[in-house]
Amino acid sequence: MGGLPQNAWNTLITSLISGKDLIKLYSLRRGNLAKKTVGKQLKYEQRWKGMVITMKNTKQATKFCAIIMVMMMIMMTGCTAQSTASKAKSTTTSKQATSEKNVTVAISGGSTLLNLDTTIAKGDMLPYELMYEPLVKYGKDGAFEPALAEKWEISESGKEYTFHLRKDVKFSDGTNFNADSVLFNVGRWVGKSATASLSVVNEMANIEKIDDHTVKMSFKKSYYPFLTELSYPRPCRMLGANSVATSGDVKADFVKPIGTGPWMLERCVDDVEMVFVPNPHYYGEKPKIGKLVLKLISDPQSRVMALQSGEVDFSMADLPMESLSVLKTDSKLKTLEREGTKSYHLMFNYDNPLLMDLNVRQAVNYAIDKQSIVNNLFDGLVKPAKGILPSTVPYVNDENNKSYDYNLDKAKKLLAVSGYSDSDGDGIVEKDGKPLRLSLVFQNSEYPEWKVLCEMIQSELKKAGIDIDLQLREKNAYYDAIWKNRNYDLVIYRTYEDSWNPHGFLMSLYYKPKNGATVGWYDKTLNGYLDEVLATTDETQRQQKYNQIFNRMYEQAVCVPLYYPTKFYVFNARLTNIEKAPTAYEGIEWDRLDVTK
């Protein structure tokens, strides 16, 4: 009855017809009810919903009718609520059925709608990989594969690149991709801070439309990494002309992301989440799931709990290594490993007079027991670093991948040669009355293991007499210390990955441009070597140049290589068709991902 049980209605009636107005409720039963007499005469008798109510006079009847009206309103409200609840339940069931094909992914770097402009190097890389495509793709083992360009030719001089474009490509807004699209995007790359270090932009002399599906890029110099840079997740990706306020205007403001990739943006809540749906105009294999949600979870432990609770299905963001053993035993979760091209290292600030001393830089290298770090902190899940980049990176080999092995005595002797001694017995060496004290800047929102790692480094260096002041920075302040104000003595940092290694990473951090400063360590000889290798077209000579580069970095101890990480993806067991993508920025082949029914 209106969603209320019978006893509730009885109680309600009794409360409404209370005191002298209540003569008698003959029956509270539904169905065949017997009529009973009260007193000598019944003036009014009302039957309603299986209840017989007897009243002595019209006044009581009037009150009863009013009560009945109230009850009917309540009943109808209850029925409406019940109907609404039933519809809501039905809608929820429908949504749940749809959401079975939705996948939520945890990321550590948020983004805003405006940062999805291909020429702005901010936020997580994955959205760019989902929506935008390059002319050429960085494939397995660094081989270049066709993407929006189905083939290309390079002139003998190495200065002209002719790209033949696919003819079956549309942007997510339905407009055609063609040679004009390439010219529009190249025009947008020029003069942007995100492209300032790219030779493919800085050295481009001209771009010419041969026909609707052919373009030729001409360069001032022969630089081997042109194709590599064109494969980057950003900024050299193709954006639709309608993505800017005035369609096709290279100087117009970006307003919305329009790409040719398998996914398109449905909704963006700045620095919270981004929701992607399949691009209906995509020319290739269509995604198998309905929605892909990238959710910002900056706290590492929160990512672990989100995986365990089912709040997220997949983590692209790093997880605390101490949690991996627990996650691996969870029957609801699965893991996937990949050997990466990234490494972690300490950078020195070359503006610090203490660190200009080669003996000090070498002493720091010798004083850190990298094997102990691997065994005691990471349970053997990572590899101790030799040189700055692992052997999975092109041009890195046994000849040039050299290491400072742990040797505490040698570290102490090098410091002594430079005039350092512990004159006051406090365990810290001094020179000219000044202790050898250095700051070490780190963050742990993206890299949760860095806190315990830096604490161990602090302990290791203290054994050599070097005092380390640990400075945990919020994520943005951490990156400002590296890229803006150089507010550190030592800072732990990562190398880049995949197509950025080796040349992109080295040029970004260890090269001094004509009108700029080096982010990492500056060495004039190293700068010259980097200039030379980029202009080398012969593969054998290029390898020799890289040998010079990596050996120089070792000899001058320009950094402290620490370890090479193994990438662990943890995901819900309901996900199927998990295939590793060629690059860590993509992670997996998202368009092939599916879920169990």
Side-chain angles (χ1 to χ4, degrees), residues 343-377 384-389 400-442 450 452-471 482 486-493 495 509-510 518 520-526 550-564:
S343 75
Y344 296 133
H345 67 294
L346 297 180
M347 292 196 302
F348 295 116
N349 189 333
Y350 61 83
D351 289 329
N352 187 326
L354 300 178
L355 295 171
M356 291 179 183
D357 187 338
L358 175 59
N359 287 337
V360 172
R361 300 197 302 274
Q362 289 180 331
V364 172
N365 272 275
Y366 278 121
I368 297 175
D369 188 348
K370 290 178 280 190
Q371 190 62 56
S372 178
I373 289 173
V374 170
N375 295 339
N376 297 324
L377 290 186
K386 292 183 178 180
I388 191 170
L389 293 168
N400 60 41
N401 199 21
K402 298 178 181 178
S403 173
Y404 288 92
D405 296 327
Y406 176 62
N407 192 326
L408 184 57
D409 288 338
K410 196 162 188 177
K412 291 179 178 179
K413 289 177 181 177
L414 284 168
L415 294 177
V417 169
S418 288
Y420 287 94
S421 64
D422 183 10
S423 59
D424 56 9
D426 66 350
I428 304 301
V429 296
E430 313 96 29
K431 181 179 179 180
D432 300 328
K434 296 181 180 179
L436 183 49
R437 180 174 292 115
L438 302 168
S439 66
L440 171 51
V441 170
F442 68 100
W450 280 4
V452 291
L453 172 61
C454 289
E455 288 170 350
M456 187 168 183
I457 291 172
Q458 180 188 46
S459 176
E460 295 276 282
L461 292 178
K462 189 172 183 180
K463 295 175 186 176
I466 303 173
D467 187 25
I468 296 296
D469 174 28
L470 294 183
Q471 297 185 6
I482 295 173
R486 298 179 57 80
N487 186 18
Y488 66 88
D489 298 324
L490 297 172
V491 61
I492 185 170
Y493 197 43
T495 65
L509 274 85
Y510 290 91
T518 311
W521 190 262
Y522 171 69
D523 178 80
K524 185 177 180 180
T525 301
L526 178 62
F550 293 128
N551 285 326
R552 179 69 181 181
M553 296 183 76
Y554 165 78
E555 292 164 0
Q556 292 298 307
V558 302
C559 63
V560 184
L562 295 171
Y563 66 95
Y564 306 139

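Small disclaimer: the values here were computed from a predicted structure and weren't measured.
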- [ ] List the atom of Asp422, the atom of Gly427, and the distance in Å for their closest heavy-atom pair.
- [x] OD2-N, 2.8 Å
TODO: Could you pull out the closest heavy-atom pair between Ile368 and Val364, with the gap in Å?
DONE: CG1-O, 3.4 Å
Open item on the list: Measuring from atom CG of Asp467 to atom CD1 of Ile428, what distance do you get when rounded to the nearest 0.5 angstrom?
Closed with: 4.0 Å
Open item on the list: Restricting to non-hydrogen atoms, name the atom on Cys454 and the atom on Leu470 that form the minimum distance, rounded to 0.1 Å.
Closed with: O-CD2, 3.6 Å
TODO: Look up atom CD1 in Ile466 and atom CD in Glu460, then write down how far apart they are to the nearest 0.5 Å.
DONE: 11.5 Å
- [ ] Supply the atom-to-atom distance Arg552 CZ to Leu526 CG, rounded to the nearest 0.5 angstrom.
- [x] 7.5 Å
TODO: Could you check whether the rings of Trp450 and Tyr344 sit parallel, tilted or perpendicular, using 30° and 60° as the cut-offs?
DONE: perpendicular
Task: Side chain Tyr404, main chain Tyr554, donor-acceptor under 3.5 Å - done: yes
TODO: Given side-chain contact (heavy atoms from CB on, under 4.5 Å), test Thr525 with Gln556 step by step and report yes or no.
DONE: CA-CA 10 Å; Thr525 301; Gln556 292 298 307; over 6 Å; no
Task: Leu355 and Leu438, any side-chain heavy atoms less than 4.5 Å apart - done: yes
- [ ] List for me each residue that meets side-chain contact (heavy atoms from CB on, under 4.5 Å) alongside Asn400, sequence neighbours excluded, and say none if there are none.
- [x] Val396, Asn397, Gln543, Asn547, Phe550, Asn551
Task: Flag, side chain of Asp357 to backbone of Pro353, donor-acceptor distance under 3.5 Å - done: no
TODO: Could you check if a side-chain atom of Phe442 sits within less than 4.5 angstrom of a side-chain atom of Leu453, using non-hydrogen atoms only?
DONE: no
Task: Least distance between heavy atoms, Pro561 atom then Gly387 atom - done: CB-O, 3.4 Å
Open item on the list: Looking at every non-hydrogen atom in both residues, tell me the closest pair between Leu354 and Tyr420 and how far apart they are.
Closed with: CD2-OH, 3.5 Å
Task: Rounded distance (nearest 0.5 Å) linking atom CG of Leu346 with atom CG of Leu562 - done: 4.5 Å
Open item on the list: Between Ile468 and Leu490, is there a side-chain heavy-atom distance shorter than 4.5 Å?
Closed with: yes
Open item on the list: Going by side chain to side chain donor-acceptor pair (under 3.5 Å), name the residues that satisfy it together with Ser372, two or more places apart in sequence or in a different chain.
Closed with: Asn376
- [ ] Please say whether more than 12 non-hydrogen atoms of neighbouring residues, nucleotides or ligands are located less than 6.0 Å from NZ in Lys370.
- [x] yes
TODO: Mind checking the CD-CG spacing from Gln471 to Asn487? Nearest 0.5 Å is all I need.
DONE: 7.0 Å
Task: Test item: Glu430 side-chain N/O and Ser423 main-chain N/O as donor-acceptor pair under 3.5 Å - done: yes
TODO: Could you tell me whether a side-chain N or O of Ser439 sits under 3.5 Å from a main-chain N or O of Asp489, the two making a donor and an acceptor?
DONE: yes
Which side-chain N or O atoms in residues 405-412 pair as donor and acceptor under 3.5 Å with protein atoms at least two apart or in another chain?
unit_1 : atom_1 : unit_2 : atom_2 : d
Asn407 : OD1    : Asp409 : N      : 3.4
Asn407 : OD1    : Lys410 : N      : 3.0
Lys410 : NZ     : Tyr366 : OH     : 3.3

Task: Intermediate values then yes/no, side-chain contact (heavy atoms from CB on, under 4.5 Å), Ile388 and Tyr510 - done: CA-CA 11 Å; Ile388 191 170; Tyr510 290 91; 3.9 Å; yes
Task: Parallel, tilted or perpendicular: rings of Tyr493 and His345 (30°, 60°) - done: tilted
Open item on the list: Tell me the closest heavy-atom pair linking Met356 and Tyr350, and the distance in Å.
Closed with: CE-O, 3.1 Å
Open item on the list: For the CG atom of Asn352 and the CZ atom of Arg486, what is their distance to the nearest 0.5 Å?
Closed with: 10.5 Å
